S.K.: 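Quick one: the structure is below, questions incoming.
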Amino acid sequence: MARAVTTQRKIINTAAAWAVGLLIFFPILWTVLTSFKTEATAIADPPVFLFFDWTFENYKVVTERSDYARFLWNSIFIAGGSTLLGILVAVPAAWSMAFVPSRRTKDILLWMLSTKMLPAVGVLYPIYLLFIKMGLLDSRLGLTLVLMLINLPIIIWMLYTYFREIPGEILEAARMDGATLRSEILFVLIPLAVPGIASTLLLNFILAWNEAFWTLNLTAAKAAPLTAFIASYSSPEGLFYAKLSAASTMAIAPILILGWFSQKQLVRGLTFGAVK
Amino acid sequence: MKDRLQNWLPRLVVAPSFLLVLLFVYGFILYTAYLSMTNSRMLPSSEWVGFANYTKLFKLRSWDTALKNLAIFGILYIVICSALGLFLAILLDQKIRAEGVIRPIYLYPMALSFIVTGTAWKWFLDPGIGIENTMHAWGWESFHFDWIKNRSFAIYTVVMAAVWQSSGFVMAMFLAGLRGVDNEIIKAAQIDGASGFRIYRRIIIPLMRPVFLSAFVVLAHLAIKAYDLVIALTGGGPGRATELPATFMYSYTFTRNQMGIGASSAIIMLIMIFSIIIPYVYSETKNGENR
């Protein structure tokens, strides 16, 4: 809605909007700032905001601990792996739904998407027991598979919405020229859908990176990603306040960067398409 | 033969995804339902006990607490997020300068893991190092804020952190709704002399009913599923004061080895979610047919 607004009101509104923005951003900002303080400054009385001796000491200490690198690598492996695997499974399905829809396609899609709303506890036991049997507990592979499965509906649905924007005639023309399905998807559809696929990758990577229910329940030490690492620092007693801030900052840095570019996809993905 | 294949191919390539979802979601839910009717403890057992686990579950005090907490948390979370989200959306709709920068800032918390949110808020709310300590340092000695350590108030700290995480995202939903309102209607109302406030109250907000419904469904399912935030923020404590159904389910199975009862609590949560999303999905498909 666009309406004429007086200049004075506009300034007040803008100031209010920025004030709220600062308030919302403050916890993130504070965490990032604290990560550059010494432990003593971090719990200083009264707290210091900006004017302290900036130090990278915390980052050095945290990264030098070999286990941090392992958590990071697990996060990258699990989030990246489940995303790529999910896309591989989802592209053919989304292709079929977008270009050769049947009467039931819309319903199937909605049904699939609705499963993403179900609580994970409903399938925790079977997956847990299956993991014990197959020796997948606390393994990166197991977690990758589970995250791929739980995000599959969202991947299919997002790809579907992007594929639908591509005119089907182009694919048909390729088929007329004798392209097989494989080359039709690989060489015609995918190049045309690169932006859509990239958005889907981005959203799914963030979702998988942030996932905590499964990572906490299915991993112990070997395959635990950063979410589990942060959760394990449960004592807030101020001992490693600055170091924990540094670890958190490193855990959220990729999200802070990716989040800026993918807010639209995040809103779409998290509202299951209610916001287009 | 080849034509046949061509016709079947599209169905065939959907099949793996379809079957995966069917098996891993509904198949596994059925198995959980089966477990909830057996005498399973540490390991699954096939001894059939019918609904005994459910009767036991509803006699448990900690399950009672979890349900009460869910009611408090769910209602406050949905109401506050919707109200704040709507307020922020209207604020951003006033031709704010640099809106393109503010919007992502509002949305940032949502991009973070609930684990990070919970950990950050744990420090802020901790009386020793957080807000209380800061206020004392600034000379406000009588400031007192120890809800996170207080059995009767700890659940409200979970609400605070969750609202912080989700309000911006609800804002985005409402903003999209506001932008979707037909300008002609608003112009007509302005010509009739309606004030800005009245236009929102009488025209725009009623037109956004579908957005309210979507926001409700999204927030409600997030509330019922809430797990990681509680784990990171309070760990279900102090004591069991902030236990929610999902954390209850976890602690009851893995620390007490009561798989049967845990499974029955999972099924109750599923029923809650289904009772919200089935009508929603149904109405969505209905609308789709009309379009």
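Predicted, not measured: the structure shown is a model, and the values here were computed from it. To find a chain, count down the sequence lines: A is the first, B the second, and so on, and within it residues start at 1.
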S.K.: Any heavy-atom pair between the side chains of B:F274 and A:M117 that's under 4.5 Å?
M.R.: no
S.K.: Give, as side chain, backbone, both or neither, the part of A:S245 having an atom under 4.5 angstrom from any heavy atom of chain B.
M.R.: both
S.K.: Report which part of A:A251 has an atom under 4.5 Å of a heavy atom belonging to chain B: side chain, backbone, both, or neither.
M.R.: neither
S.K.: Look at the rings of B:Y108 and A:W260 and say which category their plane angle falls in: under 30° parallel, 30 to 60° tilted, over 60° perpendicular.
M.R.: tilted
S.K.: Can you tell me how far apart CD1 (A:I230) and OG (B:S113) are? Round to the nearest 0.5 Å.
M.R.: 7.0 Å
S.K.: Working note: B:F18 + A:W111, criterion ring pair (Phe, Tyr, Trp, His ring centres under 6.0 Å); need CA distance, chi angles, decisive distance, verdict.
M.R.: CA-CA 10 Å; B:F18 184 80; A:W111 165 76; 5.3 Å; yes
S.K.: Quick one: what part of B:Y106 sits under 4.5 Å from any heavy atom of chain A, side chain, backbone, both or neither?
M.R.: both
S.K.: Roughly how far apart are B:Q94 CD and A:R9 CZ, rounded to 0.5 Å?
M.R.: 7.0 Å
S.K.: So which residue, B:A15, B:P245, B:G262, B:S265, ends up with the most heavy-atom pairs under 4.5 Å with chain A?
M.R.: B:G262
S.K.: Heavy-atom distance under 4.5 Å to chain A: side chain of B:I231, backbone, both or neither?
M.R.: side chain
S.K.: Considering only heavy atoms, which portion of A:I24 lies under 4.5 Å from any heavy atom of chain B: side chain, backbone, both, or neither?
M.R.: both
S.K.: Taking atom CZ of B:F124 and atom CH2 of A:W30, what is their separation to the nearest 0.5 Å?
M.R.: 7.5 Å
S.K.: Restricting to non-hydrogen atoms, name the atom on A:G21 and the atom on B:I105 that form the minimum distance, rounded to 0.1 Å.
M.R.: O-CG2, 3.4 Å
S.K.: For the interface with chain A, which of B:S17, B:A33, B:G118 has the highest count of heavy-atom pairs at distances below 4.5 Å?
M.R.: B:S17
S.K.: Need one label for A:Y128: side chain, backbone, both or neither, based on atoms under 4.5 Å from any heavy atom in chain B.
M.R.: side chain
S.K.: Among pairs that include at least one residue of residues 216-233 of chain B, which meet salt bridge (charged side-chain N to carboxylate O under 4.0 Å, His left out), considering only residues two or more places apart or in two chains?
M.R.: none
S.K.: Any idea which heavy atoms bring B:V13 and A:P92 closest together, and the distance?
M.R.: CG2-O, 3.5 Å
S.K.: Heavy atoms only, distances under 4.5 angstrom: which of B:L270, B:L112, B:V116 has the most pairs with chain A? Name it, please.
M.R.: B:L112
S.K.: Under 4.5 Å from any heavy atom of chain B, what part of A:L226 do you find: side chain, backbone, both or neither?
M.R.: neither
S.K.: Sort B:I277 into side chain, backbone, both or neither according to what part of it lies under 4.5 angstrom from a heavy atom of chain A.
M.R.: side chain
S.K.: Let me confirm one number: the CG-OH distance from A:L216 to B:Y250, rounded to the nearest 0.5 Å.
M.R.: 7.5 Å
S.K.: Using non-hydrogen atoms only, which part of A:L130 is less than 4.5 Å away from chain B: side chain, backbone, both, or neither?
M.R.: side chain
S.K.: Quick check: does any side chain N or O of A:N13 sit under 3.5 Å from a backbone N or O of B:L91, one acting as donor and the other as acceptor?
M.R.: no
S.K.: Chain B heavy atoms under 4.5 Å from A:S102: which part of the residue, side chain, backbone, both or neither?
M.R.: both
S.K.: At a 4.5 Å cut-off on heavy atoms, which part of A:L118 comes close to chain B: side chain, backbone, both, or neither?
M.R.: both
S.K.: Tell me, side chain or backbone of B:L92 under 4.5 Å from chain A's heavy atoms, or both, or neither?
M.R.: side chain
S.K.: Tell me, for B:M259 versus chain A, whether the close heavy atoms (under 4.5 Å) come from the side chain, the backbone, both or neither.
M.R.: both
S.K.: With a 4.5 angstrom heavy-atom cut-off, is it the side chain or the backbone of A:W18 that approaches chain B, or both, or neither?
M.R.: both
S.K.: Taking B:T32 for its side chain and A:G122 for its backbone only, find out whether a donor-acceptor pair lies under 3.5 Å.
M.R.: yes
S.K.: Counting neighbours of CZ on B:F87 that are heavy atoms of other residues, nucleotides or ligands and sit closer than 6.0 Å, is the number greater than 12?
M.R.: no
S.K.: Go through A:I28, A:N217, A:I255, A:L258 and name the one with the most non-hydrogen pairs under 4.5 angstrom from chain B.
M.R.: A:N217
S.K.: Determine the option with the most heavy-atom pairs under 4.5 angstrom with chain A, choosing from B:I102, B:L107, B:L20, B:V14.
M.R.: B:I102
S.K.: At a heavy-atom distance under 4.5 Å, which candidate from B:F169, B:F24, B:W164 has the highest pair count against chain A?
M.R.: B:W164
S.K.: So for B:L30, is it side chain, backbone, both, or neither that comes closer than 4.5 Å to the heavy atoms of chain A?
M.R.: neither
